[in-house]
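So the structure is just underneath, and the comments pick up after that.
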Amino acid sequence: MISDLLLAVMEETTAIADIRDVFDRVVGAIAEATGWSQGRVIWGEKAEADGSLLFPVTVDGQVAAVLVFDEEHDPPEKMRRVMRAVCAQLGDIIVRQRHLSDLDRLNDELSRSNDDLEQFASVASHDLQEPLRKVIGYCELLQERYSGQLDEDADVFIGYAVDGALRMRSLIQDLLAYARFGRGVTTTEEFDLGDLVGEVVAELEADLTDTGGRVEWEDLPVVRGDPRQIATLLGNLIANALKFRGDSPAHVVVDADVKNGGWSLRVRDEGIGIAEKDHERIFELFRRLHRRDVIPGTGIGLAICARVVANHGGRIWVESSPGEGSTFHVEIDTERAR
Amino acid sequence: MKRAPIQILLVDDDEADVRLSLELLERSKIRNDVHVARDGEEALALLKRDGAHADAVRPDVILLDLNMPGMGGLAALEQIKADPELRRIPVVIITTSDADSDIVASYDRYANCYITKPIGLDQFGKVVSAIENFWFEIVRLPEGEGDRQ
C-alpha cells in the first residue's frame, strides 16, 4: 500500500534531477495513504520543524531533511517502523544524488584539465619551434661556413649543438602528436580491420623493401572504433616490429578477433624481444631502452598506442622475452570507448 | 642575353629570420635582389613608392610573413590585392603558423600560396629552390611588370 506508492515514486526518479521534487512527492504519497495533513519537507540540519509529527532523514549521522506532518494522534509502532524504513530509503537517495553530482563535477574538471593540457602542449610546441628554427638554422650555417676553419673542437661542438637542436625538434613534434590523442575518440564507426592493416602496410612499403621484411595478416574481422586512431596504433606497432627486428629481416603477423562487446588484436614479431622488467615501462612517454645511435627514435610510439587504446576504453600489454620476439596484445571494449 | 635579377620583396619583422632568408636566397642559382620591409606599413610604402621610397623597385614576387606588429601580414595582403597596380604581383605567404585559420584567411584574401617556414637549412633550401623554380621558370608572369626587361 504505502510501500507500493513509494516504490512507484522512487522508481520514477532514477534521474534525480530535482531531489526536492522527489521528496515532495513522497510526502504527498504518505499523506494520501495515512490521512495525515500538512505534509511538508524541511531541509537542512538546523531546520526548525514545528509540526507535531517529525521524521528525520539522516545521512552519515547528520540530519539532511525532516518530513513533517500535522497529526494529533501518535501513529502505531508498525507505522513508525515503516516510516523509519522510508526515511532510510530517502537517505540513500540523497547519497546517490551527491555521488552523481560529484561525478559530474569531476568529469568537468577532468575535461577542463585535459583541454588545458592539450592547449598547453600545442601552444608550447608551436612557441618552442620558433626559437628552435633559429638555433638549427644558424648552427647549420656555422657548420657550413666555418667547418675546417676553426679548430677541430669547434667542429665537434657545433656538431653536438646541431644534433641537440634537431633532436629537440623531433621531441616537440612528437609531443604535439601525442597531445592530439588526448580527446578520446572523435568518431566511432565500423571498419574492415584487414583493409586498414593493408593501408598501413602500404605506407611502410619503403621500409619493408629496404629491410626485406614482411607483414602477414589473414581474415581480419570488421570491428568498431576510430579508424584513424587505430591506423596510428597499427602503424606504430608494425613500425616498431620492423625497427627492433635484430639481425634478420622482420616477420610480423597481425591477427584479431571479435568477442562479446569488443575485439582484440595481436601484433607478433620475431625480433629482439623485451625483458620482463621493461614490459610496463615501454609504454611511458619518451621512454627508450636502447642507445640512441644504435636504435633511433624519441620513444613516443608506444605512449601514443597506449593513448589510443585508452581512448577506446581498452588495454594494451606485451608478451615477450629477450631473443624470443614480442607479441603486443590489444583489447578493445566498444562499450567503454570515450 | 643575361636575364635581369629577380626582384624580391621580403616582408618580415624578425631580424634573425630575415638574415636566414637572405643567406639562403643568396645561394640560389637564379640571380635575385632582395629588398626587406619590417612590417606591413613599410611594405606598402615601398610598393606604392610613397615619399622616401619614390625610387623603390617594383618586386616580381612578395614573400610575406603574417605575424608582424602594427600592420600585420593579412592586412597588408588585403591592401595589396585591392590595388589594381599591385594585385598582379604573386604573394607567397611564408610564416611560422600552420593553423588552419591562418591558411584559410590567407587564401580568402587571395594569397597566391601559403608556406610554413621550414626548419633546417636543407628544408629551407628546398623551399627556396621550389619557389624560384615554380614562379620563375615554370610559371608565366604578366609582361611589363615592374622594372624587369
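A note on names: the letters A, B, ... follow the listed sequences, proteins ahead of strands, and every chain is numbered from 1. Just so it is clear, the values below take in all heavy atoms, side chains as well, and ignore hydrogens, waters and symmetry mates. Computed from a prediction, not measured in an experiment: that's the story for all the values here.
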Crowding at [atom1], [X] (>12 non-hydrogen neighbours, <6.0 Å):
{"X": "A:Arg228", "atom1": "CZ", "answer": "no"}
{"X": "A:Tyr160", "atom1": "OH", "answer": "no"}
{"X": "A:Glu152", "atom1": "CD", "answer": "no"}
{"X": "A:Glu144", "atom1": "CD", "answer": "yes"}

Which atom names give the shortest non-hydrogen contact between B:Asp122 and A:Glu140, and what distance separates them?
N-OE1, 4.4 Å
Nearest heavy-atom pair of A:Leu141 and B:Leu121: which atoms, and what distance?
N-CD1, 3.6 Å
Going through the checks in order, is the side chain to side chain contact (heavy atoms under 4.5 Å, CB included) test met by B:Ile119 and A:Gln129?
CA-CA 9 Å; B:Ile119 297 189; A:Gln129 297 213 61; 3.5 Å; yes
Pull out the residues in residues 8-19 of chain B that come under 4.5 Å of chain A, heavy atom to heavy atom, sorted by number.
B:Asp14, B:Ala16, B:Asp17, B:Arg19
For A:Arg133, is it the side chain, the backbone, both, or neither that has a heavy atom closer than 4.5 Å to a heavy atom of chain B?
both
